[in-house]
Q: 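Pasting a structure here, questions to come.
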Protein chains: 2
Amino acid sequence: MPNNQFKKGELYSFITGKASTAIARRLQKKFNTSGLNLTIEQWSVLYHLWKQEGISQQELCNATFRDKPSITRLVDNLEKLNLVKRVPSENDRRINLIYLTRQSQKLQEESMALAEQTLNEALETVPAEKIEVCKEVLQVVYDNLK
Amino acid sequence: MPNNQFKKGELYSFITGKASTAIARRLQKKFNTSGLNLTIEQWSVLYHLWKQEGISQQELCNATFRDKPSITRLVDNLEKLNLVKRVPSENDRRINLIYLTRQSQKLQEESMALAEQTLNEALETVPAEKIEVCKEVLQVVYDNLK
DNA sequence: TTTGATTAGTTGTATAAACAACTATATGCC
DNA sequence: GGCATATAGTTGTTTATACAACTAATCAAA
């Protein structure tokens, strides 16, 4: 029994990700009250495009840890909102390259500020070294399971 | 800037809960390959009913951190699967008390074993004291935001 | 005791995720 | 070159979540 740390009450909240759900909800509310007409999931796609645009849907799948149908539909909705554009690759006609629009470029600064603000609220009172440990553990969990 | 610990790459995975998503997916796969015809969300409702049955839908909302429509529909689906039963309260006719069926009582042991197994896989190689810190941080995050 | 507010639960609508099945294009091997 | 296979993306279906609007029952206060 190498790491059997889980009494039942703790097991539940670890699996359901209560903390990350709470963070996402808080951020969504900030988006709404700031008039950003954007879901967290859409934001998470833009997030990666702000780092690098012109990547394929498959690369977005890998970056956002989603499957292909999920990305197809997120890109569908982002295109309807005029926030991204699909551009067929010239080298490989199977591939769509996803580009930002002028409109979504404008959203970056405000939405990222709200995200940072949310995390600061979430981690208020938590000392930096504990945050480090927590991030490290969550990364190991992800690596162990992916 | 009290706790501004987040460089951009880290911000993303904290918000999206990559780790808990990975855990939930792994557990879902274990359910599927074990022939447990059950979603993680349905399991999370049963989980609380195994601790105490005969509670109201509102109490399930609080326990599972979901809103009322979500619980209505989860209970709908659990009822279709013959895993729970709605029983109108005699004291307060607004309230449904939710009870387990014989069928769902049988699922407890196997599904809980799979959940523990999943967490052990997730946390393999993580020392116990780091797990403790991580759980503590996640609890504080939840309390800060709820 | 009646009326106004609160609480419990349901329904409608939009967005999203997982899985399977599908089309179209590209690649690799003979 | 031609065929098998792999890859990129789409579509269909089921389940789940969030929010708003709704019904029914209860409570509280004038």
Side-chain angles (χ1 to χ4, degrees), chain A residues 16-18 20-33 36-46 55-81 83-84 86-98, chain B residues 16-18 20-33 36-46 55-81 83-84 86-98:
Chain A
T16 56
K18 274 194 336 188
S20 60
T21 305
I23 292 173
R25 282 182 193 166
R26 173 67 61 96
L27 180 56
Q28 182 69 66
K29 273 178 191 153
K30 283 187 196 295
F31 281 3
N32 295 343
T33 58
L36 292 183
N37 179 27
L38 201 60
T39 68
I40 299 305
E41 293 82 3
Q42 291 164 357
W43 173 82
S44 80
V45 171
L46 294 181
I55 63 178
S56 70
Q57 294 186 199
Q58 182 58 54
E59 286 170 312
L60 280 174
C61 292
N62 301 337
T64 65
F65 194 41
R66 290 182 171 86
D67 69 357
K68 291 191 290 178
S70 298
I71 289 296
T72 292
R73 276 138 184 165
L74 279 172
V75 172
D76 285 349
N77 286 337
L78 285 166
E79 237 179 359
K80 278 183 211 153
L81 292 167
L83 296 176
V84 306
R86 284 179 167 95
V87 177
S89 163
E90 296 183 356
N91 306 329
D92 186 335
R93 292 194 308 169
R94 293 171 301 179
I95 294 180
N96 294 329
L97 301 177
I98 312 300
Chain B
T16 54
K18 273 192 340 185
S20 60
T21 305
I23 292 173
R25 283 183 192 165
R26 173 68 61 98
L27 179 55
Q28 183 69 66
K29 271 178 192 156
K30 282 186 194 296
F31 280 3
N32 295 344
T33 57
L36 292 183
N37 178 27
L38 201 59
T39 68
I40 299 305
E41 294 81 5
Q42 291 165 356
W43 173 83
S44 81
V45 171
L46 294 180
I55 63 179
S56 68
Q57 293 187 200
Q58 182 58 55
E59 287 170 311
L60 279 175
C61 292
N62 301 336
T64 64
F65 193 43
R66 291 183 171 87
D67 70 356
K68 290 191 292 177
S70 297
I71 289 297
T72 292
R73 278 140 183 164
L74 279 172
V75 172
D76 285 350
N77 285 337
L78 285 166
E79 237 180 0
K80 276 183 214 154
L81 292 168
L83 296 176
V84 306
R86 283 179 169 96
V87 178
S89 164
E90 296 184 356
N91 307 327
D92 186 335
R93 294 193 305 167
R94 293 171 302 182
I95 292 180
N96 295 329
L97 301 176
I98 312 300

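To find a chain, count down the sequence lines: A is the first, B the second, and so on, and within it residues start at 1.
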Q: With sequence neighbours left out, what residues match B:Asp92 under side chain to side chain contact (heavy atoms under 4.5 Å, CB included)?
A: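 By the side chain to side chain contact (heavy atoms under 4.5 Å, CB included) rule, B:Asp92 matches B:Ser89, B:Arg94, B:Ile95.
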Q: Checking all strands, does B:Thr39 fall into the base, sugar-phosphate, or nothing category for heavy-atom contacts under 4.0 angstrom?
A: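 Sugar-phosphate only.
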Q: List, with names and distances, any nitrogen or oxygen atoms from the protein found under 3.5 Å away from nitrogen or oxygen atoms belonging to nucleotides 17-20 of chain D.
A:
residue: D:dT17; atom: OP1; partner: B:Arg66; partner atom: NE; Å: 2.6
residue: D:dT17; atom: OP1; partner: B:Arg66; partner atom: NH2; Å: 3.0
residue: D:dT17; atom: OP2; partner: B:Arg66; partner atom: NE; Å: 3.3
residue: D:dA18; atom: OP1; partner: A:Arg25; partner atom: NE; Å: 2.5
residue: D:dA18; atom: OP1; partner: A:Arg25; partner atom: NH2; Å: 2.8
residue: D:dA18; atom: OP2; partner: A:Arg25; partner atom: NH2; Å: 3.3
residue: D:dA18; atom: N6; partner: B:Arg73; partner atom: NH1; Å: 3.2

Q: Restricting to salt bridge (Lys or Arg N to Asp or Glu O under 4.0 Å), what partner residues turn up for B:Arg86, sequence neighbours left out?
A: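 B:Arg86: salt bridge (Lys or Arg N to Asp or Glu O under 4.0 Å) contacts with B:Asp76, B:Glu79.
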Q: With sequence neighbours left out, write down each residue that passes side chain to side chain contact (heavy atoms under 4.5 Å, CB included) with B:Asn37, or none if nothing qualifies.
A: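 B:Asn37: side chain to side chain contact (heavy atoms under 4.5 Å, CB included) contacts with B:Leu81.
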Q: Please tabulate, one pair per line, each protein N/O and nucleotide N/O from nucleotides 23-29 of chain D that are separated by under 3.5 Å, including the distance.
A:
residue: D:dT26; atom: OP1; partner: B:Arg93; partner atom: N; Å: 2.9

Q: Not counting sequence neighbours, which residues clear salt bridge (Lys or Arg N to Asp or Glu O under 4.0 Å) with A:Lys18? List them please.
A: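 Here no residue qualifies.
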Q: Taking any heavy-atom pair under 4.0 Å as a contact, classify B:Asn77: base, sugar-phosphate, or nothing.
A: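 Sugar-phosphate, backbone atoms only, no base.
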Q: Applying salt bridge (Lys or Arg N to Asp or Glu O under 4.0 Å), name anything that partners B:Arg26, two or more places apart in sequence or on another chain.
A: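 With neighbours one apart ignored, the set is B:Glu121.
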Q: According to side chain to side chain contact (heavy atoms under 4.5 Å, CB included), who are the partners of B:Lys29, at least two apart in sequence or on a separate chain?
A: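 Per chain and number, B:Lys29 pairs via side chain to side chain contact (heavy atoms under 4.5 Å, CB included) with no residue.
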Q: Under the rule for side-chain hydrogen bond (donor to acceptor under 3.5 Å, both in side chains), what residues qualify as partners of B:Ser70, not counting sequence neighbours?
A: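 Once residues adjacent in sequence are excluded, the partners of B:Ser70 under the side-chain hydrogen bond (donor to acceptor under 3.5 Å, both in side chains) criterion are B:Asp67.
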Q: Between which nucleotides of DNA chain C, 5' to 3', does chain B make heavy-atom contacts below 4.0 Å?
A: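 Result: C:dT7 to C:dA18.
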Q: Apply side-chain hydrogen bond (donor to acceptor under 3.5 Å, both in side chains) to B:Thr21 and list each qualifying residue two or more places apart in sequence or on a separate chain.
A: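 Here no residue qualifies.
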Q: Can you sort out the partners of A:Ala63 under side chain to side chain contact (heavy atoms under 4.5 Å, CB included), two or more places apart, ordered by chain and number?
A: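 Once residues adjacent in sequence are excluded, the partners of A:Ala63 under the side chain to side chain contact (heavy atoms under 4.5 Å, CB included) criterion are A:His48.
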Q: What distance separates A:Ile98 CD1 from A:Leu83 CG, expressed to the nearest 0.5 Å?
A: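 Rounded to the nearest 0.5 Å, the CD1-CG separation comes out at 12.5 Å.
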Q: Can you measure A:Ile95 atom CD1 to D:dA6 atom P for me and round it to whole angstrom units?
A: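 That distance rounds to 18 Å.
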